[in-house]
Amino acid sequence: NFGETDAIQHFYWDTIGSHDGDYVYAIYQRLEKTLTRILNAVDGLTTVLIVSDHGCGPNLRYLALNNWLREQGFLALQDTRGDSLFYSAATQAKRVARSLRLGRLAAHSPGKMKERYQSLKNVKLSRINWPMTRAWTACGDGGITINLKGREELGIVEPGEDYERLRDQLITRLEAL
C-alpha cells in the first residue's frame, strides 16, 4: 500500500512543475525506485498489479458544503472549536514528507499547512446542532438534505410551503456561486 501518493496530491498538487519543489514528482520518483526493487525481486511467473482507487487532478474549485451551509445560516454547530480532522491530515502529510526525506515539506508545521487545508475541511456530522439545522450534507461534496420534520429524526423544517421555500433559497444561493 503506497498511500503517500494520495496524501501528497491532496495537499501539494499545485507544486507540480514548480521550481521551488515538486513534491508530487519527488514522491513518484521514490515510489518508482521501490517498485523497481519489488519487480527485480519477483520471478518471471509472478504477476504484479499496480492499482489505484481513484485518480487525482487539480482542484480548480471546491465547496465544503456543510461549511457553506453554516456560513449561510442553514446549519448550526454544537461546538465551534477547531476540527481535529485538520490536524490529523496535516500530521499525516508531515510524517509522509519526513519519511521520504522531503525536508522543505516536512518543515511545514500543521499551522502553516492549515492554509492549504482550509478549502477542503468540512463540518463533522457529530458537531451539528440538529434542532437548529435546516439543511446539511452527509458526504460534504454531494447532495444537500433538508432537515424535514417527519422524515429526519430531529427534523425541523415543516413539509410543504416551508420545505419548498427553503429548497428554492438553497438553489438560488448555490446558483449564485
Practice task
Just do the side-chain contact (heavy atoms from CB on, under 4.5 Å) check on Leu166 and Glu158 with the steps written out, would you?
Solution key: CA-CA 10 Å; Leu166 177 56; Glu158 293 290 337; over 6 Å; no
Practice task
Take Trp13 and Ile8 through the test side-chain contact (heavy atoms from CB on, under 4.5 Å) and record every step on the way to the result.
Solution key: CA-CA 7 Å; Trp13 185 269; Ile8 202 77; over 6 Å; no
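At a threshold of 4.5 Å between non-hydrogen side-chain atoms, the residues Cys56 and Asp6 do not count as touching. The shortest side-chain heavy-atom distance between Ser18 and Ile16 does not fall under the 4.5 Å cut-off. Contact check for Arg127 versus Gln78: no side-chain heavy atoms found under the 4.5 Å cut-off.
Summarising the geometry of Gly17 relative to Asp22, their closest heavy-atom pair is N-OD2, 2.7 Å, with the distance given to 0.1 Å. Considering every non-hydrogen atom in both Thr133 and Ala76, the closest pair reads OG1-N, 3.0 Å. Minimum heavy-atom separation, Val24 to Tyr12: CG2-O, 3.4 Å. For the pair Thr15 and Tyr23, the tightest heavy-atom approach, listed with the atom from each and the gap, is OG1-N, 3.2 Å. In this structure, Leu77 and Leu75 approach most closely via the heavy-atom pair CD2-CD2, 3.7 Å. Between Arg134 and Gly73 the shortest heavy-atom distance is NH2-O, 3.7 Å.
Rounded to the nearest 0.5 angstrom, Ile38 CD1 and Leu35 CG are separated by 5.5 Å. Distance check, rounded to the nearest 0.5 Å: CD of Glu4 to OG1 of Thr34 gives 8.5 Å. Between the CE atom in Met132 and the CZ atom in Phe74 there is a gap of 14.0 Å [rounded to 0.5 Å]. Rounded to the nearest 0.5 angstrom, Leu49 CG and Thr47 OG1 are separated by 6.5 Å.
Note on residues 165-176: pairs passing salt bridge (Lys or Arg N to Asp or Glu O under 4.0 Å), not counting sequence neighbours, are Glu161-Arg165, Asp162-Arg165, Glu164-Arg167.
Tracing side-chain contacts under 4.5 Å through hydrophobic residues (I, L, V, M, F, W, Y), one reaches Tyr163 starting from Leu170; they form part of the same cluster. At a threshold of 4.5 Å between side-chain heavy atoms, the hydrophobic network of Ile, Leu, Val, Met, Phe, Trp and Tyr places Ile146 and Ile171 in two separate groups. Leu31 and Val42 are members of different hydrophobic clusters when ILVMFWY side chains are connected at heavy-atom separations under 4.5 Å. Tyr28 and Leu39 end up in different hydrophobic clusters when Ile, Leu, Val, Met, Phe, Trp and Tyr side chains are linked at under 4.5 Å.
Gln9 places a side-chain N or O within 3.5 Å of a backbone atom of Thr5 that can act as its donor or acceptor partner. Between the side chain of Thr137 and the backbone N or O of Asn66, no donor-acceptor pair lies under 3.5 Å.
Ring planes of Trp130 and Trp136: perpendicular class, angle over 60° (limits at 30 and 60°).
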